[in-house]
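Sharing a structure here in C-alpha cells format.
Bear in mind that the values here come from a model prediction, so they are computed numbers and not experimental data. All residue numbers in this chain count up from 1 along the given sequence. Counting convention: from 1, in listed order, for ligands and their atoms alike.
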Amino acid sequence: MAADSGRTDSAGADSGGAGVVRTHVVTHLPGDGVGPEVTEVARACVDAVAEQHGFAVEWRPCELGGQHYLKTGEVLPDPVLAQLRESDAVLLGAVGTPEVPPGVLERGLLLRLRFELDLYVNLRPSKLRPGVGGAVGRHGLSDLDFVIVRENTEGLYAGAGGTVHRGTQFETATEESLNTWAGVRRCVQYAASLAAQRSGRLTLVHKTNVLTHAGDLWNRIAREVAAEAGLELSYAHVDAACLWLVDDPKRFDVIVTDNLFGDIISDLGAALTGGLGYAASGNLNPDKTGPSIFEPVHGSAPDIAGKGLANPVGAVLSASLMLSHLGEAKAAADLDAAVDAVLAAGAPGTTGDWEKALLVQLGGSR
Ligand code: IPM
Ligand code: MN
C-alpha cells in the first residue's frame, strides 16, 4: 500500500486542483475486451466525485491480461506485483481473451492476485435498481437487496489436487477443498460486521448435509461468530438457497459462503437484479495490509468489445465499492445514487451515453 494513503497535503501539482486534501493511489488495470471501455467510464465518474468531495485519485496504469500475455508471455511478473502492492486499491476491468487457454489468466493472474494480496473476502452485492427488469419480474425493489460475502482464498480454489496416470483410462483428477479455521473465521467475521451494519441478519450457505467435514467447521464458526456479535443466524443448503433466491429473495440480507458456492450464487444474484452488466465486486483485504481489487463481474465480453455497447454500471458500482473501502463513503454513495438516477430516467443504450448521463448526474449534485 502507498505509505501516504489518504494523506493530508496542500494542493500539490499532482493532486488535482485546489481544495484537495487527500490523494488515493489507484492502479488502473483495464485488461481485455470491454475492460478498457467500462473502466474509463468508472474513472471519469470517480474523478468527478473526487473533485466534489475534496480528494484526488492518482491513477497508475498497469498493462496485464490476455493481450499483454500474447504479446509478451507475461502473466504477472513479480516486479508488477510489487508495484501493485504500492497502491491503495486496484480498479480492474476484465481479463481474458479467446486465444489464451483456460486457466492461464484465471489461476496465473486473478487467483494469484487474490492469494498474494490476501483478498480473503469477495464482496458481491445484489440489488434490484429502479427501472431494471430483473429475471424474476414479480419481486419489488425492496425484496432484492442482499450481499454475498464469498470466501476468496480457500475452498476448491486453493489449488490443492492434481492429476495422475494422465492419458490412460485410469487417469485420476482431484480437486481438494481446503477450509482452515482461521480462514473461515475471518471471512465470517467480516460478514457478521457487515450484517450488523445492515439488518442484523446473517445466513450461512453451505452443503453441511453432504460436505460434512467442511460444513461442520463452517457451521460451528458461523454460530460462534454470530453469537459473539449478537446476530440472528440462519442457514440454507446451497441448492435450497438457489431456489429461495428466485422464489423468496427477501429471506436474505447478508449471505456468507464458501468460495465456489459464492461464485455460483453470485451469478444467480446478478441474473435476478438485471444481469451481469450490473454486477459489481470487491476482492477485499479487510485488514488493509495491502490493496483491494475492485472489478465488474461480467468479464471481457469479446463479442461486444470495441463497439461502445458495454454497460459500464458493473464497473461504476465496483468503483463505488472501492471509494467506500478507501474511506470515501459520501463519494461512494453519490456514485451509487447517480447510477440509480440514470436508470430511473431509462437506461442508456451505449457506453458513451451512460458516461454522459452519469457525469450530468454527478455534476448536478455539485
Ligand atoms: C469471478 C470469476 C472468476 C472466479 C474466474 C474468472 C477465475 O468467475 O470472479 O466470479 O471464478 O472467481
Ligand atoms: Mn464467477
Side-chain angles (χ1 to χ4, degrees), residues 29-35 38-39 42 64-69 75-76 89-126 135 146-161 175-179 183 187 205 238 241-242 245 255-285 291-303 305 310-311 313-315 317-319 321-322:
L29 199 171
D32 303 307
V34 298
V38 296
T39 50
L64 290 175
Q67 293 306 332
H68 183 78
Y69 170 71
V75 177
L76 177 57
V90 178
L91 183 65
L92 192 153
V95 297
T97 187
E99 301 88 54
V100 179
V104 174
L105 298 167
E106 289 84 351
R107 282 225 158 263
L109 179 52
L110 293 175
L111 298 190
R112 185 160 172 235
L113 283 172
R114 292 176 189 177
F115 299 159
E116 295 269 8
L117 300 174
D118 206 13
L119 308 177
Y120 64 84
V121 161
N122 197 325
L123 187 67
R124 300 199 158 186
S126 280
F146 59 88
V147 182
I148 296 169
V149 174
R150 163 185 175 189
E151 198 293 317
N152 211 30
T153 53
E154 302 194 338
L156 279 161
Y157 278 68
E175 306 277 359
E176 290 170 41
S177 174
L178 304 190
N179 301 264
C187 172
V205 167
V238 64
C242 290
L245 280 167
I255 291 175
V256 65
T257 192
D258 116 307
N259 207 337
L260 184 63
F261 295 150
D263 178 46
I264 296 168
I265 65 170
S266 60
D267 272 21
L268 176 55
L272 289 168
T273 50
L276 277 181
Y278 290 98
S281 80
N283 295 271
L284 305 184
N285 174 329
S292 295
I293 301 183
F294 299 85
E295 56 172 332
V297 182
H298 52 61
S300 60
D303 51 329
N311 179 349
V313 171
L317 293 176
S318 300
L321 294 177
M322 175 178 89

Contact atoms of ligand 1, heavy-atom distance to Y157 under 4.0 Å =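 Answer, ordered by atom number: 4 (C), 11 (O), 12 (O).
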key: Identity of the nearest option to atom 9 (O) of ligand 1, non-hydrogen atoms only, from E295, R107, E106, R124   =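 Heavy atom nearest to atom 9 (O) of ligand 1 belongs to R124.
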query = Under the 3.5 angstrom rule, does the side chain of S292 hit a backbone N or O of L284 as a donor-acceptor pair?
reply =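 A pair under 3.5 Å: no.
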query = How about N152 and V121: do any of their side-chain heavy atoms sit closer than 4.5 Å?
reply =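 Of all side-chain heavy-atom pairs linking V121 with N152, none is under 4.5 Å.
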ask   = How close does the nearest protein non-hydrogen atom get to atom 3 (C) of ligand 1, and which residue and atom is it?
value =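 For atom 3 (C) of ligand 1, the nearest protein heavy atom comes out as R114 NH2, 4.0 Å.
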ask   = Could you state the interatomic distance from CZ (R150) to CG (N259), rounded to the nearest 0.5 Å?
value =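 Going from CZ on R150 over to CG on N259, the span is 4.5 Å.
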inquiry  = Can you tell me if H298 contacts ligand 1 (heavy atom of the residue under 4.0 Å from the ligand)?
reply    =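 No, H298 has no heavy atom closer than 4.0 Å to ligand 1.
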Side chains of E106 and Y157 in contact at under 4.5 Å (non-hydrogen atoms) =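 The answer is no; the side chains never approach within 4.5 Å.
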request  = Would you kindly say whether E175 and S177 are connected by a side-chain donor-acceptor distance under 3.5 Å?
outcome  =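 No, because no side-chain N or O of E175 sits under 3.5 Å from a partner of the opposite role on S177.
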Residue D263 atom name (nearest to the Mn ion (ligand 2); N/O/S) =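 Minimum-distance N/O/S atom of D263 relative to the Mn ion (ligand 2) is OD1.
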query = What distance separates I255 CD1 from I148 CD1, expressed to the nearest 0.5 Å?
reply =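 Separation between the atoms: 5.0 Å.
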request  = Please say whether D263 places an N or O atom under 3.5 Å from an N or O atom belonging to ligand 1.
outcome  =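 Yes - when backbone and side-chain N and O of D263 are compared with those of ligand 1, one distance drops under 3.5 Å.
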ask   = From the Mn ion (ligand 2) out to just under 2.8 Å, does an N/O/S atom of D267 turn up?
value =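 Checking the Mn ion (ligand 2) against D267, no N, O or S atom falls under 2.8 Å.
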